[in-house]
Protein chains: 2
Amino acid sequence: MFFNRGDTAERVPGLGSSSACTLYDVAREAGVSTATVSRVVHGHDRVRSSTRQRVLEVIEALGYVPDSAAQSMARKRKEVIGLVAIEGRGPDTDIEQEGLLFIEEVLRGVEAPLSQVGWSVLISVLRGADWADAYRFLQKISAKVDGMLIAEGIVPSSQLARLAARVPVTLVAGSPGEPNADVVHADNRSGTEALVRHMIEQHGMTRLFYVAGPPEAPDARERRRVFEETLAGYQGVRLAGCFEGRFAAISGQLAVREILAAPRRERPDAIVCGNDQMAIGAMRELHTAGVRVPADIAVAGFDDMYLGALLAPPLTTVRQPMRLLGERACAILLDRIADPTLPHRVERLATTLVVRESCGCPG
Amino acid sequence: MFFNRGDTAERVPGLGSSSACTLYDVAREAGVSTATVSRVVHGHDRVRSSTRQRVLEVIEALGYVPDSAAQSMARKRKEVIGLVAIEGRGPDTDIEQEGLLFIEEVLRGVEAPLSQVGWSVLISVLRGADWADAYRFLQKISAKVDGMLIAEGIVPSSQLARLAARVPVTLVAGSPGEPNADVVHADNRSGTEALVRHMIEQHGMTRLFYVAGPPEAPDARERRRVFEETLAGYQGVRLAGCFEGRFAAISGQLAVREILAAPRRERPDAIVCGNDQMAIGAMRELHTAGVRVPADIAVAGFDDMYLGALLAPPLTTVRQPMRLLGERACAILLDRIADPTLPHRVERLATTLVVRESCGCPG
DNA sequence: CTGTTAGCGCCTTCAC
DNA sequence: GTGAAGGCGCTAACAG
């Protein structure tokens, strides 16, 4: 009586998307107004339960699902946030997954607060383009979301300002000085200091080599600076050398080749790397050369990538809470979407030393 | 004369999203109709170039960006596709990143055809829920996209049918038998056969141990089956044992413990694993136990994860073209969105042997 | 409790 | 070349 087409699931002809039915179809079929249907769809009370029941049946029978574009339009809210990564256009094109490995963890974090409210993530990677293109791209994304998370790459402050004028933006691991966006970033200092202290005080090392990330990256610069400063605080400990890498595994390999090419006497006690990828590359090269880790030379990284723990020996590193970064950034973004007048926020998350075996500690 | 508010970038008060301006604002400010603005926004010709110029200036000054919800509504196209992963709810909660590592590569592939047309990806991970929840979730996503890619996890065929009635669906690495969706999947056979042949013919191995993935996973089953069948084709070669793992690194470790607990005489020549994660776990445990790879026991995996190449020794494995899977799936989906009447499609991509050193080949 | 009625912002014929 | 006007599907007052 309420409907007469039989189960909609049955009438699928091929694979094509068949005609989606609308609120009106449901209303007509159930003999009520669209407002009522809308009410039951959203679980509002003021509806007689028999009416609700009837509407629900029709919805089920027709397989009705509200169109999100229409909802966004009427509600002025899309329930989608954008997560964007801007892939570096450094000298090397050797990005070597560097990017997404990071984004992936962040994404996991972002999902948490989002799934609680039932929103979704629109993810996009912007590859090496000029700034004008990049801006157009970001603009286009901004039209599809209620807020954006920029998780990698640098956007000029002026562009950020214009973007932020349209939708709230929060930077993940961005520069804390940015005035046009909220930002959540890792405290590279705490972990790096702890690592250096550990190497020196626990293992009595006196000659540390550093493999740095690219100088364009603020994180790389900060890690390196803190490393050197901390080292300088110790008597009798010195920087055995430094290699400027690009955060890719190959950089670690190259650094090791350079080290092994030098006289044996000058070899460092340990090689500390600006991220885990380079540490992995270093360990691999050391292994190939027959140098034992950590017996002959210790190695340490930064990030605490999932696979570091599976290496032989397991990698000692500094943990950067990437997932938490994503989670906090998303929570902050959601807050601001709810109330755009909130004051500017910057949140700093601690990094911590993760001692495993590549530094010389027992397994 | 055309506008009088100054550069919009200047009038950003705080961080909040300020009032977004509409097509009407632009039309009014430029002294033309909305139709004309729409024409210039979309680069249609029939517009006098002086008019176009004026409109463009106003757009720039006002920072106008068309609202995508309104566009979707009018055009009945969202320019977004959904990529969903359904995280396994196996006995172990030990998902151990298993999921996203895969999704990530697929995502990279998906991005290619998508960025060409300027569309975006809505990504969502559905965690262990019952089927009714899962279906509601998928339905909700379906309302936000023009088509969906299901890249992990199994959806009952009946649900798929109902989903497909709303939007086109293509399965990435799904079961090729599914009638309600297009599917792109890897040919687990070719690579597995090549691997077994290599181990036996090149290395003269006669005792192979297999670490399988969970039997619920079609891929795991197929790999195992092909492995055993191929083995059976050789005289004097036998299955030295089998361990049923769950595609996680710990499974590989457990398998090795079991192997090492047995009498030394019974040790296999090689341990072939159903995926790289388990192979990595196995290598790690072997290393811990002082068993040399590949000298004492060789190891091989499946997938060709990025990090396999960085291990010591580098992992011999079967390459599954995950990125290509994503790319093809997305291309097929786009085709079907463009023309829903297309015939059902199934695409099978070859897997290939990647010989590195863990099988005993020279570096 | 339930129905009526404006829009939301844009696209797209159809006239001029 | 350009403007006017009718929807797209849904929500949210405002009336009953």
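Here is how names work: the chains are called A, B, and so on, in the same order as the sequence lines, proteins then strands, and each is numbered from 1.
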**Prompt:** Quick one: on DNA chain D, does B:Ser50 or A:Val41 contact a more 5' nucleotide (nearest heavy atom)?
**Reply:** B:Ser50

**Prompt:** Between C:dC11, D:dG3, C:dC1, which one does the side chain of B:Arg75 approach most closely?
**Reply:** C:dC11

**Prompt:** What's the closest nucleotide to the A:Tyr24 side chain, out of C:dC11, D:dC14, D:dC10?
**Reply:** D:dC10

**Item:** Residue A:Thr22, side-chain atoms from C-beta onward, closest of C:dC1, D:dA13, D:dG9
**Value:** D:dG9

**Message:** Of the listed nucleotides (C:dT4, C:dC11, D:dC10), which one gets closest to any side-chain atom of A:Ala35?
**Reply:** C:dT4

**Asked** At under 4.0 Å, does any side-chain N or O of A:Lys76 touch on OP1 or OP2 of C:dG7?
**Response** no

**Message:** Of the options D:dC10, D:dG3, D:dG7, whose atoms approach the side-chain atoms of B:Ala74 most closely?
**Reply:** D:dG7

**Complete:** Between A:Gln71 and B:Arg52, the residue closer to the 5' end of DNA chain D by nearest nucleotide is B:Arg52

**Side chain A:Lys144, main chain B:Glu79, donor-acceptor under 3.5 Å** = yes

**Message:** Among B:Lys78, B:Arg77, B:Lys76, exactly one meets salt bridge (Lys or Arg N to Asp or Glu O under 4.0 Å) together with A:Asp67. Which residue is that?
**Reply:** B:Lys78

**Message:** From the set C:dC11, D:dG3, C:dT2, return the single nucleotide nearest to any side-chain atom of B:Arg39.
**Reply:** D:dG3

**Message:** Given 3.5 Å as the limit, does a donor-acceptor pair link the side chain of B:Gln159 with the main chain of B:Leu138, or not?
**Reply:** no

**Prompt:** Within the pair A:Ser33 and C:dT2, is there a side-chain N or O less than 4.0 Å away from OP1 or OP2?
**Reply:** no

**Asked** Which nucleotide in the list C:dC11, D:dG9, D:dC10 gets nearest to the side chain of A:Leu23?
**Response** D:dC10

**Proximity to the side chain of B:Asp67 - top-ranked nucleotide from C:dC1, D:dG9, C:dC10** = C:dC10

**Prompt:** Counting any heavy atom closer than 4.0 Å, what does B:Arg48 reach on the DNA or RNA strands: base, sugar-phosphate only, or nothing?
**Reply:** sugar-phosphate

**Prompt:** So, is B:Thr36 near the phosphate of D:dT2, with a side-chain N or O under 4.0 Å from OP1 or OP2?
**Reply:** no

**Message:** With a 4.0 Å cutoff (strictly under), does any side-chain N or O of B:Thr51 reach OP1 or OP2 of D:dT2?
**Reply:** yes

